[in-house]
Amino acid sequence: MSEAEKSTVAAFAWTPENEALAQKHIAKYPEGRQKSAVMPLLDLAQRQNGGHLTQDIIEYVADYLDMPPIKAHEVATFYTMYNHKPVGKFHVQVCGTTPCWLRGSDDLIKACRDRLGIGFGETTDDGLFTLSEVECAGACVNAPAVAINDDYFEDLTPESLTDILDRLARGETVTPGPQNGRQTSAPLGGPTTLKDVAADTGADGGQ
């Protein structure tokens, strides 16, 4: 770690806005149970630090909650939502769990590697993209799925994912969710039952 990085870490403290958010999270828990706020506070600290946590920042959160540092480290190192080294502006997280794998996640991984020129755990030279593999994005019905920062993109193909990456690189807005016209997690092709009811009520596929 450079001297500049050490100085930045040593100076970490909540911004006024995040101090208020931290207190709001802590207030959700009963008296004596404030340590339960460790997960949202680690997430808040990670966001304030530009997308990753350091040992000193984890210990800052532990001290803030009056909990042993090792307890905060256990949480921060167990969940993959916490990053321990800098990530790009867009953190591309490809789900590789069985449902997504069966629906072509390997092809999505290849598309990312081809488009970005990086492997898992690497960041593009321009600092725009970091590529990771994660387990279970929780969108199995709409597999394969990829999370980019806080947004989920589902029903992907290599072509649609490459297009999303291209648009992000150009600074364009992209729409999360299913990428094949599906309505949320509804069946493709519209309703399959009670079609007469849908016609009588003017419903358009369950909305």
| said: In terms of relative ring orientation, are Phe12 and Trp14 parallel, tilted or perpendicular, with 30° and 60° separating the classes? | reply: perpendicular
query: Where the side chain of Lys35 meets the backbone of Pro68, is there a donor-acceptor pair that is under 3.5 Å apart?
result: no
> Side chains of Tyr64 and Gln34: does their closest heavy-atom pair fall under 4.5 Å?
Replying inline: no
Note to self: Closer than 3.5 angstrom, by distance alone: can the side chain of Arg167 be matched with the main-chain N or O of Thr173 as a donor-acceptor pair?
What the structure shows: yes
**Message:** In the structure I gave you, are the side-chain heavy atoms of Thr123 and Leu131 within less than 4.5 Å of one another anywhere?
**Reply:** no
Whether Asp106 and Lys110 form a salt bridge (side-chain N of Lys/Arg under 4.0 Å from carboxylate O of Asp/Glu) is what I want to check.
no
| request: With the side chain counted from C-beta on, respond yes when His84 and Gln55 share a heavy-atom pair under 4.5 Å apart, and no when they do not. | output: no
I want to check something: taking the side chain as every heavy atom from C-beta on, are Arg113 and Ile109 in contact at a cut-off of under 4.5 Å?
yes
Original post:
Between Asp163 and Arg115, is there a side-chain N and carboxylate O pair less than 4.0 Å apart?
Top reply: no
From the list Asn83, Ile57, Thr130, side-chain contact (heavy atoms from CB on, under 4.5 Å) partner of His52 resolves to Asn83
Can a donor-acceptor pair be found, under 3.5 Å and without considering hydrogens, that links the side chain of Asp126 to the backbone of Leu128?
yes
Tell me whether Asn180 contacts the main-chain N or O of Leu156 through its side chain, where contact means a donor paired with an acceptor under 3.5 Å. no
* Asked: Is there a side-chain contact between His91 and Phe129, using heavy atoms and a 4.5 Å cut-off?
  -> no
Item to complete: Show the numbers, then the answer: is there a side chain to side chain contact (heavy atoms under 4.5 Å, CB included) between Val92 and Cys112?
Response: CA-CA 9 Å; Val92 181; Cys112 287; 4.1 Å; yes
- Is there a side-chain contact between Ile164 and Phe153, using heavy atoms and a 4.5 Å cut-off? yes
Keeping Glu133 on the side-chain end and Thr97 on the backbone end, is there a donor-acceptor pair under 3.5 Å? no
